[in-house]
Chemist: 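Next up is a structure, given as structure tokens.
Here the structure is a predicted model, which is why all the values come from computation and not from measurement.
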Amino acid sequence: LMCARQVGKCASENSMVPMADGTRRRLADVHVGDQVVGLAKDGAGLAVGRVLWKSERLLRPSSRIRTRLGHDMLFADTHPVRTWGAWTQTRDLVVGSRVASTRRLPGHQAAGMDDARVVYLACMVTNGSTVSNNFSFTRDERTAAADLFQEACSSLGFLTRRNIDNACASWHMSQAKDSAARRAVEEDGLWGKPAALKQLPDWALRLDVAQRALLLAVMFSCDGSVTRPAPSSVSVCYHSTSMVLVRQVQHLLWQFGIPSSVTTVTPPVYEGTDKHGYNLRVETQQGVRTFLREIGALEKTDGFDAPDIEENNNRDTYPIEIQRDISRIADRTTASFRAEGLRRTIEYPLSKRKFRAFVDFFTRNLPGDREVEELRAHVDTGLIWDEVESIEQAGDQWCYDIQVEDLESFVADGIVTHNSTTIGNMALIAATTQDRHAALYVSPTEIQTSEFSKTRLRTVIEDSPYLRVFLDRKHDAETYKRFLI
């Protein structure tokens, strides 16, 4: 007996998938053999796996899911996403459901680049004008970014002409096609792009840790803000009119293990228009500490010490469903919860501090327990448990599905999702090549079983000379339904 998982597990073709080399790619542009990011085997972090199979382009009834951290996804209604200890179909999610989203991406093999080139890109993608009638960079001349831009242009041999209006300086560059400064902007895909359409080239996402920090520091110094809303806290934000650029900044922060949220805003200058701005905010005290210690925003972070207070962020808690694990493990110990300041039954989602206290308590009283060790993997987790804020029917959407070796999952638009498998193909091959071997595959509905025959098995049969001979002829959809089911 072999059972195939249901069909129709697809994500929108425009879903962005993190790749093993540090870049991100539309699901439509992911191919067999590519290395993508999915859920690690311990279920507590992310890892890299190879794409073994990709579906054809499919039209599927889908839903749009928006989360508290600003993730915005289009998934087929039958596509499963990671919830605590389970995979839950999109159609079964409700407002308030907690889903696994990205906190820290796996490391990647970095590609080096001249520091001056990194600075030049950071300046031009933020405060640079790259349209044909105004090719320049504008910044307060007293800022570190202005100094770095001037030094970068000098190092790269880019000729500039500086104009100063009060303290604001503009460095103008030649628009001639053979200008080295213009060629660099064209290579990065920025030439002629207004601010709302700007984005980083792929090489910027592949940088090593030091240059990645340099890129982000200059970008945050130009288009970011660092404030102290309360004496004991620090707020770090990035602002842009380009959604793609904001998502790329979020992606770069994930490479440092820094979670963030994204919101859509309408500045006063855009009121009455269809234009918007986008704000990225670094989430959690640990995220802010990591940003200040490893990245910074040049002079904007001068005088800001990393907050060293207990985490009290309801956006970084563990799902209430963890109660099942606590109850199951608690049944194996007679130790007193109350003596440790803990309760056997939890009323609210656990903070990281409280979760660690439970894990330490279980570790002391059940040394070597497998379930306790599995729980401990979530203490220093590469995931952050986001909350679903809205679910809307989106009608039929063009989708793809992939299968990822070993991981059987992939990240799409920041959310951990399940993939398809080749078990149905294996069952078919076994049934046709082994004497007296019968295979049965099962899915929840007749429609899904029929769809599996047509979209998965049919391709295998018609592409295989051996299986074509076995079946003797090419079958239409109805024949597949009768013969294979």
Chemist: Both conditions, 6.0 Å and 45 degrees, for the charged tip of Arg161 above the ring of Trp171: are they met here?
Modeler: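 No - Arg161 does not lie over the ring of Trp171 by the 6.0 Å and 45° rule.
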Chemist: Partners of Phe158 by ring-ring contact (aromatic ring centres under 6.0 Å, His included), sequence neighbours excluded?
Modeler: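 With neighbours one apart ignored, the set is Tyr120.
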Chemist: In this structure, are over 12 heavy atoms from other groups packed under 6.0 Å from Leu159 atom CG?
Modeler: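 Not buried by this count: 12 neighbours or fewer within 6.0 Å.
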Chemist: Kindly state each residue pair satisfying salt bridge (Lys or Arg N to Asp or Glu O under 4.0 Å) with at least one member in residues 240-253, sequence neighbours excluded.
Modeler: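 Residue pairs passing salt bridge (Lys or Arg N to Asp or Glu O under 4.0 Å), neighbours aside: none found.
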Chemist: Could you pull out all donor-acceptor pairs under 3.5 Å where a side-chain atom in residues 387-398 meets a protein atom, sequence neighbours excluded?
Modeler:
from	atom 1	to	atom 2	distance (Å)
Glu392	OE2	Arg66	NH1	3.4
Gln393	NE2	Ser63	OG	3.3
Gln397	NE2	Ala394	O	2.8

Chemist: Without hydrogens or angle criteria, can the side chains of Ser170 and Ser136 be said to hold a donor-acceptor pair below 3.5 Å?
Modeler: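 No.
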Chemist: Any side-chain to backbone donor/acceptor pair from Thr290 onto Gln286? Under 3.5 Å, distance only.
Modeler: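 Checking the backbone N and O of Gln286 against the side chain of Thr290, a donor-acceptor pair under 3.5 Å is found.
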Chemist: Can you confirm whether Val411 sits close enough to Arg82 that some side-chain heavy atom of one is under 4.5 Å from a side-chain heavy atom of the other?
Modeler: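 No - every pair of side-chain heavy atoms lies 4.5 Å or more apart.
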Chemist: Using the ring-ring contact (aromatic ring centres under 6.0 Å, His included) criterion, which residues pair with Trp203? Sequence neighbours excluded.
Modeler: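 By the ring-ring contact (aromatic ring centres under 6.0 Å, His included) rule, Trp203 matches no residue at all.
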Chemist: Show me the pairs that pass side chain to side chain donor-acceptor pair (under 3.5 Å) and involve residues 291-304, at least two apart or across chains.
Modeler: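 Listed by first then second residue: nothing to list.
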Chemist: Do any pairs count as a side chain to side chain donor-acceptor pair (under 3.5 Å) and have a residue in residues 143-159, sequence neighbours left out, and if so which ones?
Modeler: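 Qualifying pairs: none.
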Chemist: Any donor and acceptor pair, going by atom type alone, linking the side chain of Ser261 with main-chain N or O of Gly70 inside 3.5 Å?
Modeler: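 A pair under 3.5 Å: no.
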Chemist: Would the distance check show the side chain of Ser101 and the main-chain N or O of Ile384 forming a donor-acceptor pair, the cut-off being under 3.5 Å?
Modeler: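 Checked: pair present.
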Chemist: Atom CH2 in Trp53, atom CD in Gln403: separation rounded to 0.5 Å?
Modeler: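 Between Trp53 CH2 and Gln403 CD, I get 8.0 Å after rounding to 0.5 Å.
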Chemist: Side chains of Thr67 and Asp386: any donor to acceptor distance under 3.5 Å?
Modeler: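 Checked: Asp386/Thr67 side chains pair up, N/O donor to acceptor below 3.5 Å.
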Chemist: Using the test ring-ring contact (aromatic ring centres under 6.0 Å, His included), find all partners of Tyr278 that sit at least two apart in sequence or belong to another chain.
Modeler: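 Counting only residues at least two positions away or on another chain, Tyr278 forms no ring-ring contact (aromatic ring centres under 6.0 Å, His included).
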Chemist: Of all residues at least two apart in sequence or in a different chain, which pass the salt bridge (Lys or Arg N to Asp or Glu O under 4.0 Å) check with Asp325?
Modeler: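 Residues passing salt bridge (Lys or Arg N to Asp or Glu O under 4.0 Å) with Asp325: Arg328.
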Chemist: Taking the side chain as every heavy atom from C-beta outward, state whether Val209 and Phe256 have any pair of such atoms under 4.5 Å apart.
Modeler: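 Of all side-chain heavy-atom pairs linking Phe256 with Val209, at least one is under 4.5 Å.
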Chemist: Do Val404 and Ser409 have side chains that get closer than 4.5 Å, going by heavy atoms?
Modeler: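 No; the side chains remain at least 4.5 Å from each other.
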Chemist: Can you tell whether the side chains of Arg183 and Glu187 come within less than 4.0 Å, N to carboxylate O?
Modeler: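 Glu187 and Arg183: not salt-bridged.
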Chemist: By the salt bridge (Lys or Arg N to Asp or Glu O under 4.0 Å) test, which pairs, at least two apart or in different chains, include something from residues 13-28?
Modeler: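 Residue pairs passing salt bridge (Lys or Arg N to Asp or Glu O under 4.0 Å), neighbours aside: Glu13-Arg57, Asp21-Arg206, Arg25-Asp34, Arg26-Asp29.
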Chemist: Are Leu252 and Leu200 packed together at the side-chain level, in the sense that at least one heavy-atom pair is separated by less than 4.5 angstrom?
Modeler: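 Side-chain contact under 4.5 Å: yes.
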Chemist: Flag the pair Glu283 and Arg281 as a salt bridge only when some basic side-chain nitrogen lies within less than 4.0 angstrom of an acidic carboxylate oxygen.
Modeler: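 Yes, charged N to carboxylate O under 4.0 Å.
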Chemist: For Phe220, check ring-ring contact (aromatic ring centres under 6.0 Å, His included) against everything at least two apart and list the hits.
Modeler: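 Once residues adjacent in sequence are excluded, the partners of Phe220 under the ring-ring contact (aromatic ring centres under 6.0 Å, His included) criterion are Tyr238, Phe291.
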Chemist: Taking it one step at a time, do Trp87 and His79 satisfy ring pair (Phe, Tyr, Trp, His ring centres under 6.0 Å)?
Modeler: CA-CA 9 Å; Trp87 295 100; His79 192 74; 8.9 Å; no
Chemist: Taking all heavy atoms of Ser129 and all of Lys198, pick out the closest pair and write down the distance.
Modeler: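 Closest heavy-atom pair between Ser129 and Lys198: N-NZ, 4.5 Å.
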Chemist: To the nearest 0.5 Å, tell me how far Glu321 CD sits from Thr88 OG1.
Modeler: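 Glu321 CD to Thr88 OG1: 8.5 Å, rounded to 0.5 Å.
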Chemist: According to the salt bridge (Lys or Arg N to Asp or Glu O under 4.0 Å) rule, which pairs have a member within residues 37-51, sequence neighbours left out?
Modeler: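 Residue pairs passing salt bridge (Lys or Arg N to Asp or Glu O under 4.0 Å), neighbours aside: Arg50-Glu405.
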Chemist: Among pairs that include at least one residue of residues 210-226, which meet side chain to side chain donor-acceptor pair (under 3.5 Å), considering only residues two or more places apart or in two chains?
Modeler: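 Listed once each, the pairs are Asp115-Gln211, Asn127-Asp223, Arg212-Gln255, Ser225-His239.
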Chemist: Between Leu207 and Met113, is there a side-chain heavy-atom distance shorter than 4.5 Å?
Modeler: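 Answer yes - side chains close enough.
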Chemist: For the residue pair Phe358 and Leu350, establish whether any side-chain heavy-atom pair is separated by less than 4.5 Å.
Modeler: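 Yes. Closest side-chain heavy atoms under 4.5 Å.
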Chemist: Looking at side-chain heavy atoms only, is the closest gap between Asp413 and His71 below 4.5 Å?
Modeler: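 With C-beta onward as the side chain, the pair stays apart.
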Chemist: Does Pro349 reach the side chain of Arg98, with side-chain heavy atoms less than 4.5 Å apart?
Modeler: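 Yes, close enough: below the 4.5 Å cut-off.
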Chemist: Between the side chains of Glu186 and Lys177, is the shortest nitrogen-to-carboxylate-oxygen separation below 4.0 Å, so that they form an ion pair?
Modeler: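 A salt bridge is absent here (no side-chain N lies under 4.0 Å from a carboxylate O).
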